[in-house]
Amino acid sequence: MLAISAANSHFIAHLPASSNDPNPLAKPISNKPNHLQILKKCTHLIQFKQVHAQFIKTPLHQSNTYLSKLIEALVDYGELPYARQVFDQVTQPSTFAFNTMIRCYGTNNLGHDGIDLYIRMRHQGVDADNFTYPFLLKACSGLKQGKGVHSLVVKDKRFSSEIHSLTSLTTFYCSFGDVGSARLLFDSMPERNVVTWTGIIKGYVKQKRYKEGIELFNQMKNYGVEINELTLVCILSACANLGSLEIGQWVHEYTDRKRIFLNPKLGAALIDMYGKCGHIDKAYRVFKTLPCKGVYVWNALIGGLAMHGYGIEAIKRFREMQGNGIKPDRITFIAVLSACSHSGLVEKGKEIFHSMRKDFGIEPGIKHYGCFVDILCRAGLLNEAYEVIMNMPMEPNAVLWGTLLNSCAAAANVELAEAAMERLMVLEPCNDGNYVLMSNIYAVKKRWNDVARIRKIMKDVQILRNPGHSLIEVDNVVHEFMVGDGRHPCSEQIYDMLEKVVITIKECYF
DNA sequence: ATAGGGTTAG
């Protein structure tokens with residue numbers, strides 16, 4: 001049964017009777033109650049509970065719209081178990097009621113409960129409708145057990161060509177990285193719209209298959225499918241990761257031409273794209289034009305500044321953001337801490353790292369520790385970095401040990417390098433770079449036996465050395481280079497330029 | 001009441 005606490009009934013007993021009182025229970029529930037309107041007036045959890053306590057005695061509480069509104073409201077207040085109690089009191093829940101409950105499980109990452117409820121629904125002979133499978137599939141997001149839903153949808157003639165159910169199925173496959181299955185389904189669909197297209201593009205982008213994502217986007221344009229903000233956000237993310245300035249810029253111009261409003265998420269995606277494509281000035285320009293600068297927008301800018309080595313500027317923006325009443329989140333701290341590490345701001349970095357918990361109530365996660373260790377390592381404070389790694393509240397991963405190993409190579413610190421390497425052989429046994437670094441350190445120290453030992457391990461574990469390579473796109477042509485590669489037609493000029501760059505760097509720092 | 005959104009340490 002519903003439990004209304006003593007405090008609550010006290011509250012009911014003393015409700016003022018004046019007619020303009022905002023309290024929904026101020027007016028007694030009349031003979032002809034408009035229960036939906038009463039529900040609409042509720043603004044606090046306690047009021048919803050009280051309203052229901054009154055209605056439970058009447059048949060009204062079985063009404064579909066009433067039930068779904070109440071359940072949704074309760075779930076919004078984080079009262080999902082209570083919402084389920086309300087649901088369970090209904091003697092014959094309709095399809096509508098089941099759909100609502102399943103959807104709430106989905107939005108609260110309780111997929112298994114959603115599946116259980118669906119099974120119960122069918123067990124009780126309640127029929128599914130075209131809303132059921134989109135909700136159920138969203139609940140199944142990331143759960144491979146949900147694959148069975150595919151056959152349920154296909155077997156039912158009503159849904160086997162229905163766009164919402166099928167689109168949900170494709171995004172369901174994407175939710176655990178199976179873009180292949182998503183694509184098969186996508187290609188067989190009788191009808192697709194902007195949501196279907198964006199969903200599959202997002203699937204590719206999430207799997208880092210950026211080129212295929214962009215290819216689909218081009219097809220989408222050719223088919224004349226509508227393109228909206230969400231589509232563009234996905235494409236910008238692909239551009240950012242590919243360094244595809246041209247396409248990214250095209251997107252920017254497109255938003256201009258079509259007068260698409262740069263909402264915070266689209267704005268952040270644009271800033272991120274410009275930052276990652278090397279144009280921090282353009283990122284800045286976009287930033288300035290955005291009318292709403294949410295935390296996403298600030299994060300993208302600070303992250304861009306960090307990447308470009310503008311540490312002081314990043315910290316300035318970090319402060320300015322707070323001055324504007326925007327609360328930094330965990331991503332902000334990753335951005336600002338990496339700004340400190342790339343700019344050698346050790347003291348600032350320490351200060352900000354320690355302020356996370358103290359001033360912002362954000363518990364540092366492993367990535368924050370990663371940045372912090374990087375700050376110490378780049379500053380040459382290897383022992384301090386080692387201490388931090390050893391005393392972290394979580395298990396250090398390969399990134400942490402790799403950071404340390406990298407710096408040990410620069411400083412030729414054998415002891416700490418060995419400590420790091422010992423862990424890396426377990427955490428990342430196939431990473432060729434670690435072995436190469438370790439053997440290089442031994443070589444600097446002229447410890448040839450150890451060099452041979454590492455080489456032997458590499459041979460025994462059959463680690464293939466991956467030659468370093470990089471790609472760059474110029475005028476829509478991708479150029480690829482490998483270590484010591486001389487195949488490029490402009491190879492000679494490229495090496496000449498490289499030498500000049502190295503000389504310039506040396507002049508600056510030595 | 002249906003399906004799709006950005007940023008994350010070597």
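Here is how names work: the chains are called A, B, and so on, in the same order as the sequence lines, proteins then strands, and each is numbered from 1.
- Of the residues in residues 338-357 of chain A, those lying under 4.0 Å from DNA chain B by heavy-atom distance are A/His342.
- Applying the ring-ring contact (aromatic ring centres under 6.0 Å, His included) rule to A/Tyr369 yields the partners A/Phe353; only residues at least two apart in sequence or on another chain are considered.
- Each of B/dG5, B/dT7, B/dG10 was ranked by its minimum atom distance to the side chain of A/Ile331; first place goes to B/dT7.
- Residues from residues 372-385 of chain A lying near DNA chain B, meaning a heavy-atom separation below 4.0 Å, are A/Asp374, A/Arg378 in numerical order.
- Without hydrogens or angle criteria, A/Gln207 side chain to A/Gly203 main chain gives no donor-acceptor distance under 3.5 Å.
- The pair A/Lys348-A/Glu351 meets the salt-bridge criterion, since a charged nitrogen lies less than 4.0 angstrom from a carboxylate oxygen.
- Side chain of A/Val399, nearest nucleotide from B/dG10, B/dT2, B/dG6: B/dG10.
- Atom-to-atom, NZ of A/Lys202 to P of B/dG4 comes out at 11 Å; the value is rounded to the nearest Å.
- Atoms CD1 and CD1, on A/Ile247 and A/Ile214 in that order, are 4.0 Å from each other to the nearest 0.5 Å.
- A/Asp329 comes within contact range of no nucleotide atom at all, as no heavy-atom separation falls under 4.0 Å.
- Taking the side chain of A/Ile163 as heavy atoms from C-beta on, and the options B/dA1, B/dT2, B/dA3, the nearest nucleotide is B/dA3.
- Among the atoms of the strands shown, base atoms are found under 4.0 Å from some heavy atom of A/Glu229.
- Counting only N and O atoms by type, the side chains of A/Asn193 and A/Glu226 include no donor and acceptor under 3.5 Å apart.
- Contact annotation: A/Ser165 side-chain N/O to B/dT2 OP1/OP2 distance is not under 4.0 Å.
- Closest contact between the side chain of A/Leu230 and the listed nucleotides B/dA3, B/dG4, B/dA9 involves B/dG4.
- A/Ser68 pairs by the side chain to side chain donor-acceptor pair (under 3.5 Å) definition with nothing, not counting sequence neighbours.
- Nucleotide B/dG5 holds its P atom 12 Å from the CD1 atom of A/Ile201, rounded to whole Å.
- Partners of A/Leu152 according to the side chain to side chain contact (heavy atoms under 4.5 Å, CB included) rule, which considers only residues two or more places apart in sequence or in another chain, are A/Tyr118, A/Tyr133.
- Atom CG of A/Asn241 and atom P of B/dG6 are 11 Å apart (whole Å).
- Side-chain proximity of A/Asn228 to B/dG4, B/dG6, B/dG10: nearest is B/dG4.
- Residues forming a side chain to side chain donor-acceptor pair (under 3.5 Å) with A/Glu363 (at least two apart in sequence, or on another chain): A/Arg357.
- When distances run from any side-chain atom of A/Thr171 to the nucleotides B/dA3, B/dA9, B/dG10, the shortest one goes to B/dA3.
- Just one residue in the list A/Thr332, A/Asn324, A/Val336, A/Asp329 forms a side-chain contact (heavy atoms from CB on, under 4.5 Å) with A/Trp298, and that residue is A/Asn324.
- Between A/Lys276 and B/dT8 there is a side-chain N or O to OP1 or OP2 distance below 4.0 Å.
- Candidate nucleotides B/dG5, B/dT2, B/dA9 were compared by shortest atom distance to the side chain of A/Lys265, and B/dG5 ranks first.
- Look at A/Trp197 and the base of B/dG4; the rings do not stack under the cut-offs of 5.5 Å between centres and 30° between planes.
- Among the atoms of the strands shown, none is found under 4.0 Å from any heavy atom of A/Ser68.
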Under 3.5 Å, which donor-acceptor pairs link side chains of residues 301-314 of chain A to any protein atom two or more places apart or in another chain?
{"residue": "A/His308", "atom": "NE2", "partner": "A/Gly275", "partner atom": "O", "Å": "2.9"}
{"residue": "A/Glu313", "atom": "OE2", "partner": "A/Tyr284", "partner atom": "OH", "Å": "2.4"}
{"residue": "A/Glu313", "atom": "OE2", "partner": "A/Arg317", "partner atom": "NE", "Å": "3.0"}
{"residue": "A/Glu313", "atom": "OE2", "partner": "A/Arg317", "partner atom": "NH2", "Å": "2.9"}

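- No contact: A/Tyr369 has no heavy atom under 4.0 Å from any strand.
- The CG atom of A/Leu405 sits 10 Å away from the C1' atom of B/dG10 (whole-angstrom rounding).
- As rounded to whole Å, 13 Å separates atom P of B/dG4 from atom CZ of A/Phe172.
- Shown here are the side chain to side chain donor-acceptor pair (under 3.5 Å) partners of A/Thr231, two or more places apart in sequence or in another chain: A/Thr198, A/Asn228.
- A donor atom on one side chain and an acceptor atom on the other are found under 3.5 Å apart for A/Glu418 and A/Tyr442.
- The CZ-C1' distance, from A/Arg330 to B/dT8, rounds to 10 Å in whole Å.
- Note on A/Asp272: only backbone sugar-phosphate atoms sit closer than 4.0 angstrom, heavy atoms only; bases stay farther off.
- Among the protein residues, A/Leu270 comes within range of no part of the nucleic acid, since none of its heavy atoms lies under 4.0 Å from any strand.
- The side chain of A/Lys367 approaches B/dA9 more closely than any other nucleotide in the set B/dG5, B/dA9, B/dT7.
- Nucleotide B/dT7 holds its P atom 11 Å from the OH atom of A/Tyr296, rounded to whole Å.
- Checking side-chain atoms of A/Ser407 against main-chain N and O of A/Thr403 turns up a donor-acceptor pair under 3.5 Å.
- Using a 4.0 Å heavy-atom criterion, one finds that A/Ile271 contacts no nucleic acid atom at all.
- Rounded to an integer number of Å, the gap from CG of A/Leu216 to C1' of B/dG4 is 14 Å.
- In the region residues 183-194 of chain A, proximity to DNA chain B at under 4.0 angstrom, judged on heavy atoms, holds for A/Asn193, A/Val194.
- Contacts of A/Asn241 classified as side chain to side chain donor-acceptor pair (under 3.5 Å), with partners at least two apart in sequence or in another chain: none.
- At a threshold of 4.0 angstrom between heavy atoms, the contacts of A/Ala398 include nucleobase atoms, whether or not backbone atoms are also involved.
- Out of B/dG4, B/dA9, B/dA1, the shortest distance to the side chain of A/Asn99 is found at B/dA1.
- Taking the side chain of A/Thr403 as heavy atoms from C-beta on, and the options B/dG10, B/dA1, B/dT2, the nearest nucleotide is B/dG10.
- Between the side chain of A/Glu428 and the base of B/dG10 there is at least one donor-acceptor pair of N/O atoms closer than 3.5 Å.
- For the segment residues 133-153 of chain A, the set of residues with a heavy atom within less than 4.0 Å of an atom of DNA chain B comprises A/Pro134, A/Phe135, A/Lys138, in numerical order.
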I'd like a table of donor-acceptor pairs (distance under 3.5 Å, sequence neighbours excluded) in which one partner is a side-chain atom from residues 383-393 of chain A, with atom names and distances.
{"residue": "A/Glu384", "atom": "OE2", "partner": "A/Lys350", "partner atom": "NZ", "Å": "2.9"}
{"residue": "A/Asn391", "atom": "ND2", "partner": "A/Glu387", "partner atom": "O", "Å": "3.0"}

*Evaluate the criterion ring-ring contact (aromatic ring centres under 6.0 Å, His included) for residue pair A/Phe333 and A/Phe360; output intermediate values, then yes/no.*
CA-CA 10 Å; A/Phe333 281 102; A/Phe360 298 93; 5.1 Å; yes

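- One finds a salt bridge joining A/Arg158 and A/Asp127 here, because a Lys/Arg side-chain nitrogen approaches an Asp/Glu carboxylate oxygen to under 4.0 Å.
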